[in-house]
2 protein chains.
Amino acid sequence: MNDCNHWIETLQAHGYRLTRQRRLIIKILEESHEHLDAETLYDRVRACDESIGLATVYRTLSLLKQVGLVEEHRLGAEHSHFEATPETPHYHFTCRHCGRVIEFAAPEVLNVARELSAREGLHVTDVHLFLSGCCARCQKGETE
Amino acid sequence: MNDCNHWIETLQAHGYRLTRQRRLIIKILEESHEHLDAETLYDRVRACDESIGLATVYRTLSLLKQVGLVEEHRLGAEHSHFEATPETPHYHFTCRHCGRVIEFAAPEVLNVARELSAREGLHVTDVHLFLSGCCARCQKGETE
DNA sequence: ATTGAAAATGAGAATCATTCTCAGGTGGGA
DNA sequence: TCCCACCTGAGAATGATTCTCATTTTCAAT
Ligand SMILES: [Mn+2]
Ligand SMILES: [Mn+2]
Ligand SMILES: [Zn+2]
Ligand SMILES: [Zn+2]
């Protein structure tokens with residue numbers, strides 16, 4: 001659970017400084033196993049440190065993404081959501097009605113990427129599979 | 001090539017009016033077999049009709065998307081790209097260096113969606129698979 | 001422990017794609 | 001032809017993210 005050390009070491013290994021703000025953001029991000037957007041993360045972080053700035057949240061997210069510790073997802077919304085990079089990759093379904101996000105694994109997808117890479121001589125660094133539609137719950141209640 | 005009729009009929013079938021602006025946008029969109037962003041489409045449309053407004057381009061794109069004639073893609077950029085809905089689905093790879101887009105088919109992906117739908121009772125309406133990385137060309141030239 | 005240069009921060013301005021507002025224009029059924 | 005609900009153009013507004021810059025803070029070297 002408290003694997004902050006790994007994050008911190010990674011940051012230092014890349015030559016980045018360990019600030020109070022970064023420590024806090026890392027803690028919140030790793031505690032939460034959700035898909036947070038910048039604003040939500042900002043609110044949670046403020047609950048601990050009133051003085052932190054939104055720009056710092058964005059800067060830290062982009063830094064963590066750069067070193068591979070977090071992933072950025074476009075879950076259908078106009079803004080981004082972030083989550084700690086999982087050990088095994090997974091993908092997302094979002095319900096257009098209630099916004100619920102369902103995660104799922106799909107090993108086939110990496111094969112697709114691998115075959116394409118081989119055929120076209122590409123170096124694929126990111127694979128995003130995103131489904132959307134109507135979740136089981138919303139198909140009954142209709143316009144929940 | 002000139003399948004505008006299908007587009008026009010679809011629009012009318014949905015009760016939308018056929019305006020000069022919509023006809024023109026449809027023509028440009030269907031002629032181009034590229035992934036146009038709103039601004040580029042706007043420029044091309046202006047070349048034929050100086051008076052058209054950007055808002056109309058956006059409104060028409062969203063309308064065409066709604067009736068299923070065009071697809072919107074997030075190809076890694078901060079803005080959207082649009083293309084005529086293809087007969088058979090395909091997906092995209094974008095080179096982070098030069099921006100080149102490579103299309104590819106991957107029937108397996110629909111199976112993944114089908115299995116998930118069955119397992120979770122979902123109704124999937126959109127499937128987006130997006131890869132990014134470095135294209136063959138850029139791997140040599142490096143920072144093209 | 002002290003120092004100093006480089007890196008990071010907070011506040012708010014700036015950016016940029018997209019949407020909205022609203023007054024005037026127009027398609028197409030009657 | 002007439003009418004009016006639907007469209008349009010222009011520009012303001014929005015909202016997420018990035019940038020600017022003056023002020024801290026980190027941390028490696030004293
Ligand atoms: Mn996830
Ligand atoms: Mn395409
Ligand atoms: Zn739902
Ligand atoms: Zn390239």
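Side chains are part of it too, since the values below use all heavy atoms of this structure and drop only hydrogens, waters and symmetry mates. Protein chains get the first letters and strands the later ones, always in sequence-line order, with residue 1 at the start of each. Bear in mind that the values here come from a model prediction, so they are computed numbers and not experimental data.
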Novice: Which nucleotide, dG9(D), dG10(C), dT17(D), lies nearest any side-chain atom of S51(A)?
Specialist: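 Taking heavy atoms from C-beta onward, the closest nucleotide is dG10(C).
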
Novice: Could you check T10(B) against Y16(B) for side chain to side chain contact (heavy atoms under 4.5 Å, CB included), going step by step and ending with a plain yes or no?
Specialist: CA-CA 9 Å; T10(B) 302; Y16(B) 292 113; over 6 Å; no

Novice: List the atom of G133(B), the atom of H97(B), and the distance in Å for their closest heavy-atom pair.
Specialist: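 The pair with the smallest heavy-atom distance is O-ND1, 4.2 Å.
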
Novice: At under 4.0 Å between heavy atoms, what does R22(B) touch on the DNA or RNA strands: base, sugar-phosphate, or nothing?
Specialist: sugar-phosphate

Novice: How many Å lie between CG on D49(B) and P on dA10(D), as a whole number?
Specialist: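 In whole Å, dA10(D) P lies 10 Å from D49(B) CG.
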
Novice: Identify the pairs formed between an N or O of the protein and an N or O of nucleotides 25-28 of chain C at a distance under 3.5 Å, and give each distance.
Specialist:
{"from": "dG27(C)", "atom 1": "N2", "to": "R17(B)", "atom 2": "NH2", "distance (Å)": "3.1"}
{"from": "dG28(C)", "atom 1": "OP1", "to": "L18(B)", "atom 2": "N", "distance (Å)": "2.9"}

Novice: Give me the atom names and distance for the closest heavy-atom approach of L54(B) to A38(B).
Specialist: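 Answer, listing the atom of L54(B) first, then A38(B): CD1-O, 4.5 Å.
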
Novice: Looking at K27(B) and E31(B), is any side-chain nitrogen of the basic one under 4.0 Å from a carboxylate oxygen of the acidic one?
Specialist: yes

Novice: Where along residues 38-48 of chain B does a heavy atom fall under 4.0 Å from DNA chain D?
Specialist: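 Within residues 38-48 of chain B, no residue comes under 4.0 Å of DNA chain D.
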
Novice: For the residue pair H90(A) and H92(A), categorise the inter-ring angle as parallel (less than 30°), tilted (30 to 60°) or perpendicular (more than 60°).
Specialist: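 Geometry flag for H92(A) against H90(A): perpendicular rings.
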
Novice: Name the residue from K65(B), E72(B), H35(B) that meets the side chain to side chain donor-acceptor pair (under 3.5 Å) definition with S80(B).
Specialist: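 Of the listed residues K65(B), E72(B), H35(B), the side chain to side chain donor-acceptor pair (under 3.5 Å) partner of S80(B) is E72(B).
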
Novice: If I take atom CZ in residue R59(A) and atom C1' in nucleotide dC19(D), what distance separates them, rounded to the nearest angstrom?
Specialist: 9 Å

Novice: Working note: V57(A) + E39(A), criterion side chain to side chain contact (heavy atoms under 4.5 Å, CB included); need CA distance, chi angles, decisive distance, verdict.
Specialist: CA-CA 9 Å; V57(A) 170; E39(A) 208 69 34; over 6 Å; no

Novice: Might you work through the ring pair (Phe, Tyr, Trp, His ring centres under 6.0 Å) test for H128(A) and H128(B), ending with a clear yes or no?
Specialist: CA-CA 8 Å; H128(A) 289 278; H128(B) 289 278; over 10 Å; no

Novice: Could you say whether Y58(B) or G53(A) is positioned toward the 5' end of DNA chain C, judged by the nucleotide with the nearest heavy atom to each?
Specialist: G53(A)

Novice: Per the end-axis method with five pairs at each terminus, what is the bend angle of the helix from dA1(C)-dT30(D) to dA30(C)-dT1(D), to 10°?
Specialist: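 Axis-to-axis angle, ends of the helix: 30°.
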
Novice: Before giving the answer on side chain to side chain contact (heavy atoms under 4.5 Å, CB included), spell out for F93(B) and V101(B) the whole-Å C-alpha distance, their side-chain angles and the decisive distance to 0.1 Å.
Specialist: CA-CA 6 Å; F93(B) 165 92; V101(B) 174; over 6 Å; no

Novice: Can you measure L63(B) atom CG to dT19(C) atom C1' for me and round it to whole angstrom units?
Specialist: 15 Å

Novice: Any side-chain N or O of S80(A) below 4.0 angstrom from OP1/OP2 of dT17(D)?
Specialist: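 Yes.
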
Novice: Mapping V57(B) and E72(A) to their closest nucleotides on DNA chain D, which lands nearer the 5' end?
Specialist: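 Here V57(B) is the residue nearer the 5' end.
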
Novice: What N/O pairs connect the protein and nucleotides 12-15 of chain C at under 3.5 Å? Give each pair on its own line.
Specialist:
none

Novice: List for me each residue that meets salt bridge (charged side-chain N to carboxylate O under 4.0 Å, His left out) alongside E34(B), sequence neighbours excluded, and say none if there are none.
Specialist: R44(B)

Novice: Heavy-atom distance under 4.5 Å between the side chains of W7(B) and L29(B), does that happen here?
Specialist: yes

Novice: Whole angstroms only, please: what is the CD-C1' distance between E78(B) and dA17(C)?
Specialist: 8 Å

Novice: Pick base, sugar-phosphate or nothing for S62(B), based on heavy-atom distances below 4.0 Å to the nucleic acid.
Specialist: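 No contact at all - S62(B) keeps every heavy atom at 4.0 Å or more from the nucleic acid.
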
Novice: Check V109(B) against V127(B) and note the closest heavy-atom contact, atom names and distance.
Specialist: CG1-CG1, 3.5 Å

Novice: Take atom CG of L11(A) and atom P of dT26(D), then tell me their distance rounded to the nearest Å.
Specialist: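 Rounded to the whole Å, the gap is 14 Å.
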
Novice: What is the separation between atom CD on Q21(B) and atom P on dC6(D), rounded to the nearest whole Å?
Specialist: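 So the two atoms are 17 Å apart, to the nearest Å.
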
Novice: Taking only residues two or more places apart in sequence or in another chain, which ones pass salt bridge (charged side-chain N to carboxylate O under 4.0 Å, His left out) with E50(A)?
Specialist: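 Once residues adjacent in sequence are excluded, the partners of E50(A) under the salt bridge (charged side-chain N to carboxylate O under 4.0 Å, His left out) criterion are R46(A).
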
Novice: Write down the distance between CG (L54(B)) and P (dA13(D)), rounded to a whole number of angstrom.
Specialist: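 The answer, rounded to whole Å, is 17 Å.
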
Novice: Can you measure L64(B) atom CG to dC7(D) atom P for me and round it to whole angstrom units?
Specialist: 12 Å

Novice: I'd like to know if the side chain of T60(A) pairs up with that of R22(A) as donor and acceptor (distance under 3.5 Å, no hydrogens or angles considered).
Specialist: no

